[in-house]
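The next block holds one structure in the form of structure tokens; read it before the comments.
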Amino acid sequence: MQTATTSDTRDLPWGDVWGQDDAVETLRSAAADPASMTHAWLITGPPGSGRSTLAYAFAASLIAAPGDEHAMRQVMARTHPDLSALRTEGVIISIKDARALVERSYLSPSAGRHRVIVVEDADRMTERTSNVLLKALEEPPAETVWVLCAPSEADLLPTIRSRVRTLRLREPEVADVARLIQARTGVSAEIAEQSARHAQRHIGMAQRLATDEASRRRREATLRGVLAVRSIGDVIEVAGQIVQAATEDAKALTAERDAQERAALLRTVGIVEGAAIPPAVRSQLNALEDEQKRRATRSLRDGLDRVLTDMQSLFRDVAMMQFGRTDGLINVELAADARARTEQWTPQRTLTVLDAITATREALQQNAAPVLAIESLLVTVGTGRTP
């Protein structure tokens, strides 16, 4: 097992990277040896594997001189002038943001050894946005390094993939994630193991499940509701519950931040909360509200995607049982319900449901109405047929 570490003076900048010793060694060597270096990297791995954490540790090792702890901490805090980072809180990365990033990539380092451009959500680039980056990736200045992060190479255009060196992260084991979560949060070993398993080894999601009992209850209630779907009435009711829960969850995650951002903007321009907003400030406030709406849309879609991931894990368990496998189940607590489906359904029906989950995920990414998309999926769950 690879152990977790915490960032202290001795560990900088790699101390927060967990379970990726081989990747750390590759990037550490590249930062130290120009012969091992390349101008553009793609770090891939499943959600929660630590792609962005590794990207910023690499950036710190490239920008800061050896032993320059202050510069390293600046990079890790995303405040160093030679670091440019892009993490969209919208559904996609805009062409405007990509162009601004490309412009900065041609600037010489102002204080560090390199200028580093980190794109955390490179899989959220459309084809047009990807094309904006092509020339910059192909012919960057000698001291500029691009670091892209995405779940897999397939999430990027072939033209992008051909211009980067790919570094694939390993998937941690459930037991490893459970030990990390228990060490970080102090929850019981049982809760840590269950959370790591239900999160499918996604470290961030496992930590949230471990520390939020309401999230654990909501997940179980959703899956039991899906299993209980029999009629069209059930479809409508359960779909509504799923979308409502995801909406409320998204609001809970964004509401406090939205209020803080609004208050900060008003303080900056010298307006007391509750006072009339001058026309000159109204455009700034409208721009902030538009950005918050885009963030809320992404948060809702991410919440629905997590529900679909949980559903996928449930019917994956059913498929495994149908083919004689009982080890490695994700939803051990629902094993009896899953076993009942193995007796009632054919393997083909289970595969049809799994395909429908994939299709629903793609439909939501293409702006399908959430309630209608989930209802269509639940019709397939209840009948075994695609509407």
Side-chain angles (χ1 to χ4, degrees), residues 1-2 19 44-49 151-152 154 168-182 188-203 205-206 209-210 215-231 234-235 238 242 304-362 374 376-387:
M1 184 195 78
Q2 301 186 31
T44 66
S49 58
S152 72
R168 299 177 183 85
L169 303 189
R170 64 179 287 273
E171 290 193 61
E173 298 297 327
V174 168
D176 293 345
V177 175
R179 279 188 284 268
L180 175 66
I181 297 304
Q182 187 176 17
S188 69
E190 180 182 4
I191 292 297
E193 187 279 334
Q194 182 192 72
S195 300
R197 177 164 38 81
H198 286 176
Q200 299 180 60
R201 299 172 289 187
H202 186 300
I203 296 170
M205 185 53 59
L209 287 172
S215 292
R216 298 197 299 272
R217 289 199 305 266
R218 185 162 55 246
R219 181 186 187 278
E220 181 176 359
T222 296
L223 293 184
R224 290 195 182 280
V226 169
L227 287 168
V229 167
R230 295 290 185 275
S231 65
D234 295 336
V235 166
V238 174
I242 289 173
L304 290 171
D305 195 70
R306 285 193 294 271
V307 172
L308 294 175
T309 299
D310 292 336
M311 290 175 60
Q312 190 175 48
S313 74
L314 175 62
F315 294 110
R316 165 200 173 273
D317 288 348
V318 174
M320 287 181 62
M321 288 183 174
Q322 287 174 324
F323 288 98
R325 292 282 302 278
T326 57
D327 58 313
L329 297 180
I330 294 171
N331 301 281
V332 174
E333 298 78 8
L334 298 175
D337 300 275
R339 186 169 291 107
R341 292 300 179 280
T342 68
E343 299 170 357
Q344 300 164 3
W345 291 6
T346 64
Q348 182 58 49
R349 177 168 175 175
T350 306
L351 294 176
T352 296
V353 170
L354 288 169
D355 288 343
I357 292 173
T358 299
T360 302
R361 177 174 281 124
E362 293 172 353
I374 300 298
S376 178
L377 170 59
L378 294 180
V379 168
T380 301
V381 172
T383 66
R385 298 187 297 273
T386 303

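R217 meets the salt bridge (charged side-chain N to carboxylate O under 4.0 Å, His left out) test with E213; sequence neighbours excluded. Partners of D310 by side chain to side chain contact (heavy atoms under 4.5 Å, CB included), not counting sequence neighbours, listed by chain and number: R219, L223. For D305, the salt bridge (charged side-chain N to carboxylate O under 4.0 Å, His left out) partners two or more places apart in sequence, or in a different chain, are R361. Looking at residues two or more places apart in sequence or on another chain, you find no side chain to side chain donor-acceptor pair (under 3.5 Å) involving S195. Take R216 and apply the salt bridge (charged side-chain N to carboxylate O under 4.0 Å, His left out) test, not counting sequence neighbours, and it matches no residue. Taking the side chain to side chain contact (heavy atoms under 4.5 Å, CB included) definition, one finds that D355 meets it with nothing, sequence neighbours left out. Scored by the side chain to side chain donor-acceptor pair (under 3.5 Å) test, Q182 finds no partners at all (sequence neighbours excluded). Scanning for side chain to side chain donor-acceptor pair (under 3.5 Å) contacts around E171 gives R201, with sequence neighbours left out. With sequence neighbours excluded, no residue forms a salt bridge (charged side-chain N to carboxylate O under 4.0 Å, His left out) with R349.
Looking at L308 and I374, their side chains come closer than 4.5 Å, going by heavy atoms from C-beta outward. Side-chain contact between L354 and Q312 is present, with heavy atoms from C-beta onward closer than 4.5 Å. Here the side chains of T352 and R385 are not in contact, with every heavy-atom distance at 4.5 Å or above. Side-chain contact between L304 and T360 is absent, with no heavy atoms from C-beta onward closer than 4.5 Å. Side-chain contact check for L378 versus M311: some heavy-atom pair is nearer than 4.5 Å. L227 is listed as a side-chain neighbour of L314, based on a closest heavy-atom distance under 4.5 Å.
The salt bridge (charged side-chain N to carboxylate O under 4.0 Å, His left out) pairs that include a residue from residues 325-336 are R197-E333, R325-D327, where partners are two or more places apart or lie in different chains. Within the structure, ring pair (Phe, Tyr, Trp, His ring centres under 6.0 Å) pairs that include any residue of residues 325-346 comprise F315-W345 (at least two apart or interchain). Pairs engaging residues 337-346 under the salt bridge (charged side-chain N to carboxylate O under 4.0 Å, His left out) rule: R224-D337 [sequence neighbours left out].
The neighbour count for Q344 CD, taken as heavy atoms of other residues, nucleotides or ligands under 6.0 Å away, is above 12.
There is no side-chain donor-acceptor pair under 3.5 Å between T309 and Q200.
Listed here is the closest heavy atom pair of A228 and D234: O-OD2, 3.6 Å. Across all non-hydrogen atoms, the minimal contact from A335 to M321 is O-CE, 3.7 Å. The heavy-atom pair separating T380 from V353 by the smallest distance is O-CG2, 4.0 Å. Closest approach of L329 to R316, counting heavy atoms only: CA-NH1, 4.4 Å. Across P172 and V177, no two heavy atoms sit closer than the pair CG-CG2, 3.7 Å. In this structure, A196 and A178 approach most closely via the heavy-atom pair CB-N, 3.8 Å.
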(request) Applying side-chain contact (heavy atoms from CB on, under 4.5 Å), run through D317 and L334 and close with a yes or a no. (result) CA-CA 9 Å; D317 288 348; L334 298 175; over 6 Å; no
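Between atom CD1 of residue I191 and atom NE2 of residue H198 there is a gap of 9.5 Å, rounded to the nearest 0.5 Å. Rounded to the nearest 0.5 angstrom, Q194 CD and S188 OG are separated by 9.0 Å.
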